[in-house]
Amino acid sequence: MASSTFSSVSCLFKDELKILNLKKRNEGKVFVKCSMRCSMSSKAQKPQPEVRIGVLGASGYTGSEIVRLLANHPHFGITLMTADRKAGQPFSSVFPHLITQDLPELVAIKDADFSEVDAIFCCLPHGTTQEVIKALPKELKIVDLSADFRLQDPSEYEEWYGQAHRAVDLQKEAVYGLTEILRDEVKGARLVANPGCYPTSIQLPLVPLIKANLVQLGGIIIDSKSGVSGAGRGAKEANLYAEIAEGIYSYGITRHRHVPEIEQGLSEVAKSKVTVSFTPHLMPMIRGMQSTIYVEMAPGVTTEDLHQHLEVFYKEEEFVRVLEKGVVPRTHNVRGSNYCHINVFPDRIQGRAIIVSVIDNLVKGASGQALQNLNVMMGFHESTGLLYQPLFP
């Protein structure tokens, strides 16, 4: 035989040995051939989540953040999504970056079927939520991200929001959901009023200090700055790129609707009326919020005392971090996350302190805190679905 023939036989013999060895290794194993149709069938037969979630107003920024966060949640699954102007569309056509999630089609709220829902995130605009929630089945757990149930006094709501409260009886049931401060109340609630973004960034540092009588109640000045997403997704001239870019815009001076919410929370812990000077500013960035708070300390109190008290108060909390002395909080470092970073600095004016607090206005200031609250309401660890790497930069 020619050498080429011997070479061919040798190669064949080696290949046969490989096949025999492979058969031995796979002996006793069961292999399932799965076609595309099999894959689609298994997708259609996916198990129901432990908690079935409805997202009302899913086409807005807070609604889309809820959807993004729930992708990480092992117990919650979305079974209903409403968006009146986008009804009939797949969610991926509204927010293409969330295309990988298996989500129901968007429907108008009038066509929503709540029989397959256990809990609701209500992301509808202020002034529209009260009647919607009033009509929902009573067994549902609800976290409302609008301002419609945040103010305990219906007359104060009418004064600041320009319309009568349409669910006064339901207001008595609503619990204000600043999770780290009111966790026990949230735990037993059916309806939670999720705090506003500015009030969250302001109350988290101030409530513990006021409660401990470490700062004076008078002369509190708050300068807050927010990304444009805080103004919502609706088309408004003031929010156009040419109006926002390369500039800073102060708005709602002395009359911003978050003022009564801030003062309500601070007054409750102070057990007397607290009035603040609050000015918000719109910044040329998409997301992020910083509140710089100027306070007069109680006699004999130092900035060291304020820092130490906040450290101790939030020592066991996952989402509120008191930074090391001298480290300035940055919005970049909380972007996309549910964290609030706080620090305290001495003012040049004797007896005064400067507190800096940063959050992501769409997450800790809205959807992240809403998920944190629903976790508490449903008996899950409150960080479930919220521990992931933040966006950067």
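Any value given below was found using the heavy atoms of this structure, including those in side chains, with hydrogens, waters and symmetry copies removed. One-based numbering along the sequence shown.
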J.: Flag yes if more than 12 heavy atoms outside Q216 fall under 6.0 Å of its CD atom; otherwise flag no.
T.: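 Enclosed.
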J.: Charged N to carboxylate O below 4.0 Å: is that the case for K271 and E268?
T.: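 A salt bridge is absent here (no side-chain N lies under 4.0 Å from a carboxylate O).
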J.: Could you check whether any side-chain N or O of T200 sits under 3.5 Å from a backbone N or O of G196, counting only pairs where one atom can act as donor and the other as acceptor?
T.: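 Side chain of T200 to backbone of G196, a donor-acceptor pair under 3.5 Å: yes, one is there.
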J.: Please set out all donor-acceptor pairs under 3.5 angstrom arising from side-chain atoms of residues 244-254, sequence neighbours excluded.
T.:
residue : atom : partner : partner atom : Å
S250    : OG   : H281    : ND1          : 2.7
Y251    : OH   : Y198    : OH           : 2.9

J.: Which value, rounded to the nearest 0.5 Å, describes the distance between I293 atom CD1 and F278 atom CZ?
T.: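 Going from the CD1 atom of I293 to the CZ atom of F278 covers 10.0 Å.
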J.: In terms of side-chain geometry, is the basic nitrogen of R68 or E65 positioned less than 4.0 Å from the acidic oxygen of its partner?
T.: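 Counted as a salt bridge, because a side-chain N and a carboxylate O are separated by less than 4.0 Å.
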J.: Only counting residues at least two apart or in another chain, list the ones meeting salt bridge (Lys or Arg N to Asp or Glu O under 4.0 Å) with K273.
T.: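 If we apply the salt bridge (Lys or Arg N to Asp or Glu O under 4.0 Å) test to K273, skipping adjacent residues, the hits are E263.
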J.: Show your working on side-chain contact (heavy atoms from CB on, under 4.5 Å) between L170 and L191 and close with a plain yes or no.
T.: CA-CA 9 Å; L170 201 54; L191 168 60; 3.8 Å; yes
J.: Quick one, V192 and I142 - any side-chain contact, counting heavy atoms below 4.5 Å?
T.: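 Not touching, per the 4.5 Å side-chain cut-off.
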J.: Examine the side chains of H165 and Q171 and answer whether a donor and an acceptor come within less than 3.5 Å of each other.
T.: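 On atom types as modelled, these side chains qualify, holding a pair under 3.5 Å.
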J.: I'd like to know if the side chain of H126 and the backbone of A147 have a donor-acceptor N/O pair within less than 3.5 Å.
T.: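 Yes, the answer is positive, given that a donor and an acceptor are paired below the 3.5 Å cut-off.
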J.: Take I53 and D118 through the test side-chain contact (heavy atoms from CB on, under 4.5 Å) and record every step on the way to the result.
T.: CA-CA 6 Å; I53 301 293; D118 303 306; over 6 Å; no
J.: Say you draw a straight line from CE of M289 to SG of C197; how long is it, rounded to the nearest 0.5 Å?
T.: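 M289 CE to C197 SG: 3.5 Å, rounded to 0.5 Å.
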J.: Answer whether the closest heavy-atom distance between the side chains of E318 and L387 falls below 4.5 Å.
T.: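 When only atoms from C-beta onward are counted, L387 and E318 do touch, with a gap below 4.5 Å.
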J.: Under 3.5 Å, is there a donor-acceptor pair between the side chain of K134 and the main chain of R166?
T.: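 Side chain of K134 to backbone of R166, a donor-acceptor pair under 3.5 Å: yes, one is there.
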J.: Give me the atom names and distance for the closest heavy-atom approach of I210 to A270.
T.: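 Minimum heavy-atom separation between I210 and A270: CG2-CB, 3.7 Å.
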J.: Rounded to the nearest 0.5 Å, how far apart are CG of L214 and NZ of K211?
T.: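 That separation rounds to 12.5 Å.
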J.: Would the distance check show the side chain of N338 and the main-chain N or O of Q369 forming a donor-acceptor pair, the cut-off being under 3.5 Å?
T.: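 Yes, the answer is positive, given that a donor and an acceptor are paired below the 3.5 Å cut-off.
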J.: Between S337 (side chain only) and V334 (backbone N and O only), is there a donor and an acceptor less than 3.5 Å apart?
T.: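 Such a contact is found between S337 side chain and V334 backbone.
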J.: Taking R52 for the side chain and A119 for the main chain, is one N or O donor matched with an acceptor at less than 3.5 Å?
T.: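 Checked: no pair found.
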J.: If the condition is ring-ring contact (aromatic ring centres under 6.0 Å, His included), which residues does H73 pass it with, not counting sequence neighbours?
T.: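 Scan of H73 (ring-ring contact (aromatic ring centres under 6.0 Å, His included), adjacent residues dropped) gives H75, F76.
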J.: Show the atom names and distances, to 0.1 Å, of all donor-acceptor pairs under 3.5 Å that link a side chain in residues 294-303 to residues at least two apart or in another chain.
T.:
residue : atom : partner : partner atom : Å
T302    : OG1  : E304    : N            : 3.3
T302    : OG1  : D305    : N            : 3.2
T302    : OG1  : D305    : OD2          : 3.2

J.: Taking everything shown except I286 itself, do over 12 heavy atoms lie less than 6.0 Å from its CD1?
T.: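 It does not: I286 CD1 has 12 such atoms or fewer within range.
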J.: Passes side-chain contact (heavy atoms from CB on, under 4.5 Å), N194 versus D144? Steps please.
T.: CA-CA 6 Å; N194 209 59; D144 177 32; over 6 Å; no
J.: Where do L217 and S272 come nearest, in terms of heavy atoms and distance?
T.: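 Between these two residues, the closest heavy atoms are CD1-OG, 3.3 Å.
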J.: Is the shortest side-chain heavy-atom distance between L310 and L209 below 4.5 Å?
T.: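 Yes, close enough: below the 4.5 Å cut-off.
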J.: Do the non-hydrogen side-chain atoms of F121 and L70 ever get within less than 4.5 Å of each other?
T.: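 Touching, per the 4.5 Å side-chain cut-off.
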J.: Let's go through Q101 and V67 carefully: what are the C-alpha distance in whole Å and the side-chain angles of both, what is the deciding distance for side-chain contact (heavy atoms from CB on, under 4.5 Å) to 0.1 Å, and is it a yes or a no?
T.: CA-CA 9 Å; Q101 294 194 50; V67 175; 3.7 Å; yes
J.: Please confirm whether the backbone N or O of G127 pairs with a side-chain atom of Q163, one donor and one acceptor, at under 3.5 Å?
T.: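 Yes.
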J.: Consider only side-chain heavy atoms of I, L, V, M, F, W and Y, link residues closer than 4.5 Å, and tell whether I133 and L80 are in one cluster.
T.: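 Linked within one cluster.
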J.: Are M285 and Y61 connected in a single hydrophobic cluster, I mean Ile/Leu/Val/Met/Phe/Trp/Tyr linked by side-chain heavy atoms less than 4.5 Å apart?
T.: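 In one cluster with Y61: M285, no.
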J.: Does D148 come within less than 4.0 Å of R150, counting only side-chain N to carboxylate O?
T.: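 Looking at R150 together with D148, the answer is no, because their closest N to O distance does not fall below 4.0 Å.
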J.: Between R335 and D360, does at least one N-O distance fall below 4.0 Å, as a salt bridge requires?
T.: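 Salt bridge between R335 and D360, a charged N being under 4.0 Å from a carboxylate O: no.
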J.: What distance separates S291 OG from L206 CG, expressed to the nearest 0.5 Å?
T.: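 One gets 9.0 Å once the value is rounded to the nearest 0.5 Å.
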J.: Could you check if a side-chain atom of H307 sits within less than 4.5 angstrom of a side-chain atom of E311, using non-hydrogen atoms only?
T.: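 Counting from C-beta outward, H307 and E311 do come under 4.5 Å.
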J.: Let me confirm one number: the OG-CG distance from S367 to L69, rounded to the nearest 0.5 Å.
T.: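 With rounding to 0.5 Å, OG (S367) is 6.5 Å from CG (L69).
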J.: Under 3.5 Å, is there a donor-acceptor pair between the side chain of E105 and the main chain of P90?
T.: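 It does not hold such a pair.
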J.: What heavy-atom pair brings L151 and Q264 nearest, and what distance separates the two atoms?
T.: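 Taking every non-hydrogen atom into account, CA-OE1, 3.5 Å.
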J.: Minimum heavy-atom separation for I99 to S92, with atom names?
T.: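 Shortest heavy-atom contact: CG1-CB, 3.6 Å.
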J.: Once side chain to side chain donor-acceptor pair (under 3.5 Å) is applied, do any residues pair with N72, and if so which ones, sequence neighbours excluded?
T.: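 N72: no side chain to side chain donor-acceptor pair (under 3.5 Å) contacts found.
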J.: Is T384 reaching over with its side chain to a backbone N or O of H381, donor-acceptor style, under 3.5 angstrom?
T.: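 Judged by distance alone, yes, a pair lies under 3.5 Å.
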J.: Tell me whether L136 shares a hydrophobic cluster with V107, the cluster being built from Ile, Leu, Val, Met, Phe, Trp, Tyr side chains joined at under 4.5 Å.
T.: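 In one cluster: yes.
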J.: With a 4.5 Å cut-off on side-chain heavy atoms, are L140 and P137 touching?
T.: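 Heavy-atom side-chain distance check passes, below 4.5 Å.
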J.: Look at the side-chain heavy atoms of Ile, Leu, Val, Met, Phe, Trp and Tyr, link any pair under 4.5 Å apart, and say whether Y157 and V168 land in one connected group.
T.: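 No, Y157 does not connect to V168 through the hydrophobic network.
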J.: Any side-chain heavy-atom pair from L145 and C122 closer than 4.5 angstrom?
T.: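 The answer is no; the side chains never approach within 4.5 Å.
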J.: Of all heavy-atom pairs between L98 and S64, which one has the smallest distance, and what is that distance?
T.: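 The pair with the smallest heavy-atom distance is CD1-O, 3.8 Å.
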J.: Give me the atom names and distance for the closest heavy-atom approach of T62 to C123.
T.: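 In terms of heavy atoms, the two residues are closest at OG1-CB, 3.5 Å.
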J.: Going by the side chain to side chain donor-acceptor pair (under 3.5 Å) test, name the single residue among S229, S201, S224 that passes it with N361.
T.: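 Per the side chain to side chain donor-acceptor pair (under 3.5 Å) rule, the option paired with N361 is S229, out of S229, S201, S224.
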J.: Less than 4.5 Å apart, any side-chain heavy atom of I342 and any of I355?
T.: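 They are in contact (side-chain heavy atoms under 4.5 Å apart), so the answer is yes.
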J.: Should L106 and L56 be regarded as members of a common hydrophobic cluster, given that ILVMFWY residues are connected when their side-chain heavy atoms come within less than 4.5 Å of each other, either directly or indirectly?
T.: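 No: no chain of side-chain contacts under 4.5 Å links L106 to L56.
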J.: Check residues 174-189 and write down every donor-acceptor pair under 3.5 Å in which the side-chain atom is one partner and the other belongs to a residue at least two apart or another chain.
T.:
residue : atom : partner : partner atom : Å
Y176    : OH   : Q203    : NE2          : 2.9
Y176    : OH   : E261    : OE2          : 2.6
T179    : OG1  : N373    : OD1          : 2.9
E180    : OE1  : K364    : NZ           : 3.0
E180    : OE2  : K364    : NZ           : 2.9
E180    : OE2  : Q372    : NE2          : 3.0
R183    : NE   : E382    : OE1          : 2.6
R183    : NH1  : E317    : OE2          : 3.2
R183    : NH2  : E317    : OE1          : 2.7
R183    : NH2  : E317    : OE2          : 3.1
R183    : NH2  : E382    : OE1          : 3.4
R183    : NH2  : E382    : OE2          : 3.0

J.: Without swapping roles, check the side chain of S146 against the backbone of P125 for a donor-acceptor pair under 3.5 Å.
T.: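 Side chain of S146 to backbone of P125: no pair is present.
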